Q: 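So that we are looking at the same thing, I have put the structure below in structure tokens.
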Amino acid sequence: MKSVVLLSGGLDSAVSLSQALREGEVRLCLTFDYGQRAGPREINGAAKMAGYYGLKHSIVSLPFLRDVTSTSLVNREAAVPELEEEQLSRREEMDWAARRVWVPNRNGVFINIAASYAESMGCGQIVTGFNAEEARTFPDNSREFILAANQAFYYSTLSKVKVVSYTQMLDKVEIAKLGKRLGTPLEYVWPCYHGQDDICGRCESCRRYLRAVRLAAEGNPVNTIPGAGIRQYED
């Protein structure tokens, strides 16, 4: 199977890329820039990840998404939600945090753009890094979203492009474990909502990543320091 992979620079998409390479051929990795705080770090990490595997990498600029949202991922005057580890499973806190980083129809826009690339390149599928943990508060990470998208693509693409997510039924810990088994270079991952020199370690995204790699480590010496490879090989 030939694939276009949505590569955000985060854990889920990095592991999904590794699995896609085991399943078939990856023709293109796509990263989207919509003015998000962590954009440069995400793009750099994704580029290093694609380069590690010798894959073509393209960046798609979507400035209109920045203009139609007040999300804290874009709005520097809005506070990025921070959660303690024990809050990561509390629905009220999770819903509160999700609303503050929601970008209108972001994944819908991403997969539709990717479908155009996939059809034009003869790729049968779009690989996304959705996961069961975040699907609880982000419906555009859910299995139902994928099923609905594929129904639409049946009509909107002549080649019947499909969205697949190898991590759809996994939580973050399971994804980190899968990444270790696949040899995913996690040092290129950028999990933080911010775009500083180092991850903040406090935002919800950081908390989920750090918890996942800690619980998945079990004494394994694989480098899971986020951004380490980005800094080491940064142009």
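Keep in mind that what you see is a predicted model, and the values were worked out from it rather than measured. The basis for the numbers below is simple: all heavy atoms, side chains too, and nothing from hydrogens, waters or symmetry mates.
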Q: Can you give me the closest heavy-atom contact between Ile111 and Ile126, atom names plus distance?
A: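 Scanning both residues completely, I find the closest heavy atoms to be O-CD1, 3.5 Å.
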Q: Taking CZ in Arg143 as the centre, count heavy atoms belonging to other residues, nucleotides or ligands within less than 6.0 Å. Is the count above 12?
A: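 No, CZ of Arg143 has 12 or fewer neighbouring heavy atoms, counting only those of other groups under 6.0 Å.
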Q: Can you name the nearest heavy-atom pair linking His57 to Ile43, along with the distance?
A: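 Closest heavy-atom pair between His57 and Ile43: CE1-O, 4.0 Å.
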Q: Out of the candidates Val4, Leu28, Leu7, Thr31, only one should pair with Ser58 under the side chain to side chain contact (heavy atoms under 4.5 Å, CB included) rule; please name it.
A: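 Among Val4, Leu28, Leu7, Thr31, the one that satisfies the side chain to side chain contact (heavy atoms under 4.5 Å, CB included) with Ser58 is Leu28.
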Q: Apply side-chain hydrogen bond (donor to acceptor under 3.5 Å, both in side chains) to residues Ser8 and Glu42 and explain how you reach the verdict.
A: CA-CA 6 Å; Ser8 69; Glu42 292 173 353; over 6 Å; no
Q: Are Arg214 and Glu85 within salt-bridge range, i.e. N to O under 4.0 Å?
A: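 The answer is yes: the pair qualifies as a salt bridge.
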Q: Sequence neighbours left out, what pairs pass side-chain hydrogen bond (donor to acceptor under 3.5 Å, both in side chains) with at least one residue falling in residues 62-77?
A: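 Those involving residues 62-77 do not exist here.
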Q: Strictly by ring-ring contact (aromatic ring centres under 6.0 Å, His included), give each pair with a member in residues 25-49 just once, sequence neighbours left out.
A: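 Checked against ring-ring contact (aromatic ring centres under 6.0 Å, His included) - neighbours excluded - the pairs reaching residues 25-49 are Phe32-Phe110.
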Q: Is Arg99 salt-bridged to Asp95, cutoff N-O under 4.0 Å?
A: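 Asp95 and Arg99: not salt-bridged.
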Q: With the threshold set at 4.0 Å, does a side-chain nitrogen-carboxylate oxygen contact exist between Glu25 and Arg27?
A: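 A salt bridge is present here (some side-chain N lies under 4.0 Å from a carboxylate O).
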Q: Specify the closest pair of heavy atoms between Thr128 and Ser165, including all atoms of both residues, with the distance to one decimal.
A: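 Taking Thr128 first and Ser165 second, the nearest heavy atoms are O-OG, 3.1 Å.
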Q: Testing Arg211, Lys172, Arg207 one by one against Glu133 for a salt bridge (Lys or Arg N to Asp or Glu O under 4.0 Å), which residue passes?
A: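 The salt bridge (Lys or Arg N to Asp or Glu O under 4.0 Å) with Glu133 is passed solely by Arg211 among Arg211, Lys172, Arg207.
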Q: Looking at Trp190 and Ala38, what are the two nearest heavy atoms and their distance?
A: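 Answer, listing the atom of Trp190 first, then Ala38: NE1-CB, 3.9 Å.
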Q: For Leu158, does the CG atom have more than 12 heavy-atom neighbours from other residues, nucleotides or ligands under 6.0 Å away?
A: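 Counting other residues, nucleotides and ligands, CG of Leu158 stays at 12 neighbours or fewer.
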Q: Please write out which residues are connected to Tyr154 in a hydrophobic cluster, directly or through intermediates, given that two of Ile, Leu, Val, Met, Phe, Trp, Tyr count as joined at side-chain heavy-atom separations below 4.5 angstrom.
A: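 The other cluster members (ILVMFWY side chains, heavy atoms under 4.5 Å, direct or chained) are Tyr155.
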Q: Tell me whether the count of non-hydrogen atoms from other residues, nucleotides or ligands lying under 6.0 Å of CE in Met121 goes above 12.
A: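 Enclosed: over 12 neighbouring heavy atoms sit under 6.0 Å from CE of Met121.
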Q: Are there more than 12 heavy atoms of other residues, nucleotides or ligands under 6.0 Å from atom NZ of Lys160?
A: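 Enclosed: over 12 neighbouring heavy atoms sit under 6.0 Å from NZ of Lys160.
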